[in-house]
Amino acid sequence: MELRQLEYMEAVYRFKNFTKAAQHLHVTQPTVTTAVKNLEKELGVLIFDRASANLDLTPAGEEVFRHAGVILENVQKIYERTAASGGYQRQELTLGIPPISCAQMYPVVLGPFAKAEPNVDVTIRDICNHEIICQIQEGGIEAGFLIRPHQMPEELEYWGMEEGSLRVLLSSQNPLSRKESLTLEELANETIFMYEKGSSYTEYRIREEFEKRGMTVNFRHYFKNFSTIYDLVAQNYGISFMLETTSPVLSSMKEMGIVSRPFAEPMTYQMGMVWSRDRFLSQSCRAFLHFICEWYPGNGTSVNNSSDK
């Protein structure tokens with residue numbers, strides 16, 4: 001039995017609805033449903049009468065809920081009394097943020113969140129999409145931001161935040177810069193500069209789109225520093241790509257002689273936050289998840305959010 005299962009059960013009872021409980025907890029509805037079912041399986045009883053319009057507790061469920069209420073209340077008292085004690089220890093939180101694709105989250109984490117949670121020391125690891133997923137699975141970090149891949153591991157929870165489209169970066173000297181939008185066919189003979197091989201969402205997506213059309217992508221050179229890529233593009237040695245959610249530092253590209261153009265057929269993507277649904281989350285991580293989900297109230301959506309009572 002896990003504390004999380006009791007919390008999910010209590011939320012379902014309070015909201016009389018699995019989906020509303022999931023929204024309150026900032027997880028997907030199947031996560032809540034599975035947690036409650038596993039708790040029922042472990043105890044060997046049905047906690048909720050699913051035939052009831054109000055999801056009433058069964059007699060056995062009432063007994064479970066009564067004891068669970070005592071446990072959750074005592075846990076809350078532990079948090080409150082620990083925080084109020086003179087020996088209260090600062091909390092730590094380790095997050096992963098891709099340095100370019102999700103760079104706009106740095107000021108949110110280091111600004112508003114740091115102000116809201118002054119007792120939390122945040123460590124940020126600037127790592128790529130793939131590495132964020134791996135480190136969450138291995139326990140190296142608790143949560144992170146990424147561009148959502150086509151296939152998300154089942155054990156990870158995802159909260160969608162911002163949508164955008166890939167854009168082409170090219171020199172203002174390049175004849176293609178005079179076009180309003182570009183096709184992959186028009187880029188087929190261009191030299192393409194990319195970030196470290198096999199590490200970026202952009203490389204994966206561009207390669208995939210070329211292959212769909214039976215075309216060979218011309219990734220000629222890879223670099224560890226984005227500044228090098230921008231310098232080479234500005235000098236018209238080749239082209240590269242960027243995400244709309246990229247760091248505002250790139251707003252100075254025009255002064256460098258770099259322009260960006262959309263694709264004629266938009267390549268859309270979604271940036272979001274990810275964490276493990278199977279691992280225990282620290283109090284600081286829970287506070288962070290709540291903060292971010294409230295920071296993006298109009299955009300945030302959990303994946304696999306199917307209907308249930």
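Here, residue 1 is the first one in the sequence, and each next residue gets the next number.
- Nearest heavy atoms, K179 versus E186: CE-OE2, 3.0 Å.
- Counting all heavy atoms, side chain and backbone alike, L3 lies closest to I71 at CD1-CG2, 4.3 Å.
- Evaluation of the ring pair (Phe, Tyr, Trp, His ring centres under 6.0 Å) rule for H130 yields no partner, not counting sequence neighbours.
- Under the ring pair (Phe, Tyr, Trp, His ring centres under 6.0 Å) criterion, F210 pairs with no residue, sequence neighbours left out.
- Side-chain contact check for L187 versus V217: every heavy-atom pair is 4.5 Å or farther apart.
- Of the possible polar contacts, one joining the S177 side chain to the S172 backbone as a donor-acceptor pair under 3.5 Å is found.
- Put simply, the side chain of S260 never gets that close to the backbone of R167: no donor and acceptor are under 3.5 Å apart.
- Between the side chain of T94 and the backbone N or O of T123 there is no donor-acceptor pair closer than 3.5 Å.
- In this view, Q137 and E155 satisfy the side chain to side chain donor-acceptor pair (under 3.5 Å) rule, not counting sequence neighbours.
- Between the side chain of N236 and the backbone N or O of S171, no donor-acceptor pair lies under 3.5 Å.
- Judged by distance alone, the side chain of N54 and the main-chain N or O of D56 form no donor-acceptor pair under 3.5 Å.
- S200 is linked by a side chain to side chain donor-acceptor pair (under 3.5 Å) to nothing, counting only residues two or more places apart in sequence or in another chain.
- In terms of heavy atoms, M273 sits closest to M161 at N-SD, 3.7 Å.
- Under the 4.0 Å criterion applied to side-chain N and carboxylate O atoms, E211 and R207 are not assigned as salt-bridge partners.
- When all heavy atoms of Y195 and N225 are compared, the pair lying nearest together is CE1-N, 4.5 Å.
- Note that R148 lies in the cation-pi zone of Y158, set by a 6.0 Å cut-off to the ring centre and a 45° limit from the axis.
- With hydrophobic clusters built from ILVMFWY side chains whose heavy atoms lie under 4.5 angstrom apart, F15 does not share a cluster with V64.
- Using a 4.5 Å heavy-atom cutoff, the side chains of M152 and V274 are in contact.
- Contact annotation: the side chain of M9 never approaches that of Q5 to less than 4.5 Å [non-hydrogen atoms, C-beta and beyond].
- The environment of CZ in F263 is crowded: more than 12 heavy-atom neighbours from other residues, nucleotides or ligands sit within 6.0 Å.
- With respect to the salt-bridge test (charged N to carboxylate O, under 4.0 angstrom), the residues E7 and R4 do not qualify.
- Taking 4.0 Å as the cut-off between side-chain N and carboxylate O, E62 and R66 do not count as a salt-bridged pair.
- For W275 against L281, the heavy-atom pair with the smallest separation is CD1-CD1, 3.6 Å.
- Contact detail for V45 and A60: the closest heavy-atom pair is CB-CB, 3.8 Å.
- Checked against salt bridge (Lys or Arg N to Asp or Glu O under 4.0 Å), R14 has the following partners two or more places apart in sequence or in another chain: E10.
- Both L184 and L243 sit in one connected hydrophobic cluster of ILVMFWY residues. Membership requires side-chain heavy atoms under 4.5 Å apart, directly or through other members.
- Listed by chain and number, the residues in a ring pair (Phe, Tyr, Trp, His ring centres under 6.0 Å) with F291 are F113, W295 (sequence neighbours excluded).
- Residues meeting the salt bridge (Lys or Arg N to Asp or Glu O under 4.0 Å) test with R261, sequence neighbours left out: none.
- Here T191 pairs with F193, N218, R220, H221 under the side chain to side chain contact (heavy atoms under 4.5 Å, CB included) rule; sequence neighbours left out.
- Salt-bridge annotation for K37 and E40: absent, with no side-chain N of the basic residue lying under 4.0 Å from a carboxylate O of the acidic one.
- Side-chain N/O atoms of Q91 and S282 include no donor and acceptor closer than 3.5 Å.
- R125 has no carboxylate O lying under 4.0 Å from a charged side-chain N of E131, or vice versa, which leaves the two without a salt bridge.
- The list of ring-ring contact (aromatic ring centres under 6.0 Å, His included) pairs with a residue in residues 168-187, not counting sequence neighbours, is empty.
- Under the side chain to side chain donor-acceptor pair (under 3.5 Å) criterion, R178 pairs with no residue, sequence neighbours left out.
- Partners of Y8 according to the ring pair (Phe, Tyr, Trp, His ring centres under 6.0 Å) rule, which considers only residues two or more places apart in sequence or in another chain, do not exist here.
- Under the side chain to side chain donor-acceptor pair (under 3.5 Å) criterion, D121 pairs with R90, sequence neighbours left out.
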